[in-house]
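Below, chain A is the first sequence line, B the second, and so on; all start at residue 1.
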Amino acid sequence: MATPVDPPAVLAPISQAGRIGLFLVRMLGSLRPQPSLLLSTLQQVYLVGARSLVIIMICGFFVGMVLALQAINALEQFGASDQVSLLVGKSLFRELGPVLTALLFAGRAGTSVAAEIGLMRATSQIDAMELMAIDPVQRIALPRFLAGAVSVPLLTAMFNALAILGAVVFSIGVMGLDAGIFWSKLQNGVYFQEDFIGGIWKSLVFGGLVSLVAVYFGFHAKPTGAGVGTATTNTVVLSSVLILVFDFIMTSFFT
Amino acid sequence: METRQAMNTTEPIIRIRDLVFRRGSRTILDGVDMDIARGRIVAIMGPSGVGKTTVLRLITGQLHPDEGSVEVNGQRVSSLSSRELQTFRRDVGVLLQNGALFTDLTVFENVATPVREHTDLPEPLVRRLVMSKLHSVGLGGTEELMPHQLSGGMARRVALARAVVLDPQIVLYDEPLAGLDPIAVSTISRLMRETNDALGLTSIVVTHDVLQMSRLVDYCYIIAAGRIAGEGRPDDLKRSQDPSVDQFMNGKVDGPIPFHYDPGGPEWSLLQ
Ligand SMILES: Nc1ncnc2c1ncn2[C@@H]1O[C@H](COP(=O)(O)OP(=O)(O)O)[C@@H](O)[C@H]1O
Ligand SMILES: [Mg+2]
């Protein structure tokens with residue numbers, strides 16, 4: 001396929017964004033509500049989502065502990081260390097949970113999706129599908145994209161839960177804060193709708209972004225070993241940047 | 001299916017005229033003509049990189065000619081709409097270089113994929129169809145294996161079963177024998193002949209393997225330097241006086257087929 005004339009280098013990121021956008025449109029355009037789509041999406045949720053669970057839980061626990069540690073350090077200076085659960089809960093649910101989960105997901109699942117699709121390209125499996133008059137975007141890209149968008153919010157909820165557990169272990173178990181105060185501050189000061197659900201919405205967008213970038217780079221990988229390597233690297237780099245950029249945009253618009 | 005009765009059986013099933021295909025400044029194919037007769041096994045031969053796979057991709061409509069035309073059953077492939085192209089491709093089975101089996105599916109599901117996609121057959125019938133195709137390539141009993149558990153020759157046979165599972169009119173093979181051991185080579189070439197004759201197909205085989213192919217095929221085209229250097233029955237070609245044909249058929253180093261890559265463009269012609 002002849003590529004159109006290359007744009008000047010400054011415009012490269014813009015034309016890249018355009019191509020990714022068009023790929024998204026093409027992918028969503030191939031969406032048909034069929035049982036087979038549900039089935040393959042669920043299968044991908046298991047492959048990319050369930051298999052990221054352990055790393056997400058471990059990281060969540062330690063992030064919770066370190067958050068509590070830093071918060072207590074800072075709050076002690078004002079004699080306000082009983083506010084620790086408030087600080088941890090807000091920063092976790094609104095920012096750290098969704099962002100860190102999405103970054104971890106990009107490294108754990110985004111790379112493997114990009115490599116898997118890139119390898120399908122390199123071994124002509126995508127070619128073979130086209131030749132069988134099967135749309136590879138619908139068959140391969142769409143379920144992986146949907147699975148990412150479904151998995152990241154679920155994983156974020158898991159990350160948050162484990163991080164709270166980490167904060168409990170550190171502040172109550174290690175620092176000996178009062179458990180009743182910890183929980184009541186959390187209940188009264190951190191809001192389910194605004195803080196928790198707001199963060200989950202963000203993570204839905206992040207999950208879509210990461211898996212869009214992963215399927216895009218996998219699909220457009222050069223059909224060589226090096227091409228597959230480049231696709232995975234590009235996936236991590238671009239999706240990390242996009243997560244942080246979109247995080248700022250969404251936060252500034254919706255608060 | 002109506003076309004199958006309506007067509008004139010003496011007409012070539014594939015007709016290629018004045019085909020020109022370029023990649024950037026390089027002209028890969030430069031005026032190729034072919035008439036592929038119905039029911040035959042036809043080889044497209046030539047040195048590596050000469051554009052054999054490109055010809056296949058022009059026949060399947062994955063690439064479009066810069067000039068000239070490819071007609072299958074009297075229809076110009078490059079002017080099919082994407083919907084017509086989908087219908088057209090159900091009638092063309094393709095065995096890609098190395099088989100290109102879906103690595104995440106079992107042997108059974110690999111062969112069943114086109115059936116599930118393009119028919120509404122109930123599961124027991126799908127099963128019967130797939131199993132009969134697997135038996136016909138001698139691989140009954142492998143249906144639960146994954147592709148990585150197969151030898152190269154077995155994988156190629158599964159790919160053959162998958163290519164013909166919907167009873168296409170045309171099967172295209174890209175280097176079907178490359179990298180196989182001698183026993184697998186004879187098995188596959190026998191299967192290609194049997195499949196072609198039993199199902200009444202037309203087969204096109206792209207290869208650089210002169211020895212095996214001359215035993216299998218009915219007719220050969222030899223491509224060199226973007227053109228058809230020779231065509232005819234394999235035995236006639238071996239005795240050809242044409243220097244390119246002689247060089248290729250008899251594996252000679254010296255001759256008009258260049259040892260160097262031609263990058264295209266005026267600089268190269270000046271160097272020559
Ligand atoms: N995607 C591509 N982009 C640029 N050049 C290509 C591409 N595919 C093939 N070519 C070039 O086209 C020529 C013909 O390729 P191909 O048809 O694959 O050769 P063959 O199958 O006869 O070995 C080769 O010289 C190759 O370098
Ligand atoms: Mg080739």
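Note that the CZ atom of B:Phe102 and the CD1 atom of A:Ile126 stand 10.0 Å from one another [nearest 0.5 Å]. A distance of 11.0 Å separates CZ in B:Arg116 from CD1 in A:Ile134, rounded to the nearest 0.5 Å.
Between chain A and the residues B:Glu117, B:Arg90, B:Gln97, the largest count of heavy-atom pairs under 4.5 Å involves B:Glu117.
The closest donor-acceptor contact from the side chain of B:Arg89 to the backbone of A:Glu130 lies under 3.5 Å. Side chain of B:His118 to backbone of A:Met132: a donor-acceptor contact under 3.5 angstrom is found.
At a 4.5 Å heavy-atom cutoff, B:Leu95 makes no contact with chain A through either its backbone or its side chain. With a threshold of 4.5 angstrom between heavy atoms, B:Arg162 approaches chain A through side-chain atoms but not through N, CA, C or O. Heavy-atom distances place both the backbone and the side chain of A:Asp127 under 4.5 Å from chain B.
A:Leu131 has its side chain out of reach of B:Val92: every pair of non-hydrogen atoms, C-beta onward, lies at least 4.5 Å apart. Side-chain atoms of B:Asn98 and A:Thr123, non-hydrogen and from C-beta on, never get closer than 4.5 Å to each other. A 4.5 Å side-chain heavy-atom check between A:Gln43 and B:Asp104 finds every atom pair outside the cut-off.
Around atom CZ of B:Phe88, more than 12 heavy atoms belonging to other residues, nucleotides or ligands sit under 6.0 Å away.
A side-chain donor-acceptor contact under 3.5 Å links B:Thr103 and A:Gln125.
Taking all atoms of both residues into account, the shortest heavy-atom contact from A:Ser124 to B:Ala100 is O-CB, 3.6 Å.
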